[in-house]
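What follows is one structure encoded as structure tokens, with my remarks underneath.
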Amino acid sequence: MAIYLLIAYLIIINLWTFFLMGYDKKRAKRQRRRVPEKRLFALSAAGGAAGTWLGMSAWRHKTKHRSFVVGVPMLFGLNVLLVWGIVWLTGPYSNI
């Protein structure tokens, strides 16, 4: 049951960050108020790094910012390790 909640959470946050990158790109082109970079990084750290990374690629957004080019893949790796740890702790052998 917990694994399904984790999967649902990851899908939702990654879709959110993906579309948020597109929204921010649209706002940048129109010279409007932007999504703060801190918010993009916070959502990436909270499990949405894959969506951010895909959004960077799909919309060619933030690809010249070294902090994003280096930071988002690192956060993705951290996300993978955390998910693996959660699955391992709540997996079939967690009662042993």
Side-chain angles (χ1 to χ4, degrees):
M1 177 70 165
I3 193 74
Y4 297 115
L5 291 174
L6 177 63
I7 291 169
Y9 170 77
L10 290 172
I11 289 170
I12 290 167
I13 196 163
N14 280 290
L15 285 172
W16 185 13
T17 56
F18 178 78
F19 288 114
L20 194 60
M21 289 294 284
Y23 174 75
D24 189 47
K25 175 70 174 196
K26 187 176 182 179
R27 302 285 289 185
K29 283 183 175 182
R30 295 181 179 178
Q31 297 182 351
R32 300 286 185 137
R33 191 172 187 167
R34 307 277 305 279
V35 176
E37 289 185 358
K38 285 182 180 182
R39 183 173 301 150
L40 294 171
F41 274 114
L43 290 169
S44 296
T52 302
W53 203 0
L54 289 172
M56 286 173 61
S57 178
W59 284 291
R60 295 182 185 160
H61 189 49
K62 303 282 188 190
T63 56
K64 293 184 179 179
H65 290 77
R66 186 175 180 94
S67 60
F68 277 85
V69 172
V70 174
V72 172
M74 289 179 68
L75 286 172
F76 176 73
L78 180 63
N79 288 174
V80 169
L81 288 174
L82 289 173
V83 168
W84 177 80
I86 290 168
V87 170
W88 183 74
L89 288 172
T90 62
Y93 302 109
S94 62
N95 293 333
I96 297 177

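Note that these values count all heavy atoms, side chains included, but never hydrogens, waters or copies made by symmetry.
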query: More than 12 foreign heavy atoms under 6.0 Å from CH2 of W16: is that the case here?
result: no
query: Just wondering, are more than 12 heavy atoms of other shown residues or ligands nearer than 6.0 Å to CZ in R27?
result: yes
task: Drop me the distance from I3's CD1 to I7's CD1, to the nearest 0.5 angstrom.
output: 5.0 Å
Side-chain heavy-atom pair K62, L40 within 4.5 angstrom cut-off: yes
field: Minimal non-hydrogen separation, F18 against W59, with atom names
entry: O-CZ3, 2.8 Å
message: I'd like to know if M74 and W53 are part of one continuous hydrophobic network [Ile/Leu/Val/Met/Phe/Trp/Tyr, side-chain heavy atoms within less than 4.5 Å].
response: no
query: S44 and L75: which non-hydrogen atoms are nearest, and at how many Å?
result: CB-CD1, 3.7 Å
field: Non-hydrogen atoms of L10 and G47 that approach each other most closely
entry: CD2-O, 3.8 Å
task: Look at the rings of H65 and F68 and say which category their plane angle falls in: under 30° parallel, 30 to 60° tilted, over 60° perpendicular.
output: perpendicular
- request: Carefully, step by step, assess Y23 and L20 under the rule side-chain contact (heavy atoms from CB on, under 4.5 Å).
  value: CA-CA 5 Å; Y23 174 75; L20 194 60; 4.2 Å; yes
message: Between L15 and F19, is the side-chain contact (heavy atoms from CB on, under 4.5 Å) condition met? List the steps.
response: CA-CA 6 Å; L15 285 172; F19 288 114; 4.1 Å; yes
Closest non-hydrogen atom pair, M21 against G55: CB-CA, 4.0 Å
message: Between T17 and N14 (side chain of the first, backbone of the second, donor and acceptor by atom type, cut-off under 3.5 Å), is there such a pair?
response: yes
- request: Might you confirm whether atom CZ of F76 has over 12 heavy atoms from other residues, nucleotides or ligands at distances under 6.0 Å?
  value: no
query: Among the clusters formed by ILVMFWY side chains lying less than 4.5 Å apart, do L82 and I12 turn up in the same one?
result: no
- prompt: Are L6 and Y4 connected in a single hydrophobic cluster, I mean Ile/Leu/Val/Met/Phe/Trp/Tyr linked by side-chain heavy atoms less than 4.5 Å apart?
  reply: yes
- request: List for me each residue that meets side-chain hydrogen bond (donor to acceptor under 3.5 Å, both in side chains) alongside R34, sequence neighbours excluded, and say none if there are none.
  value: D24
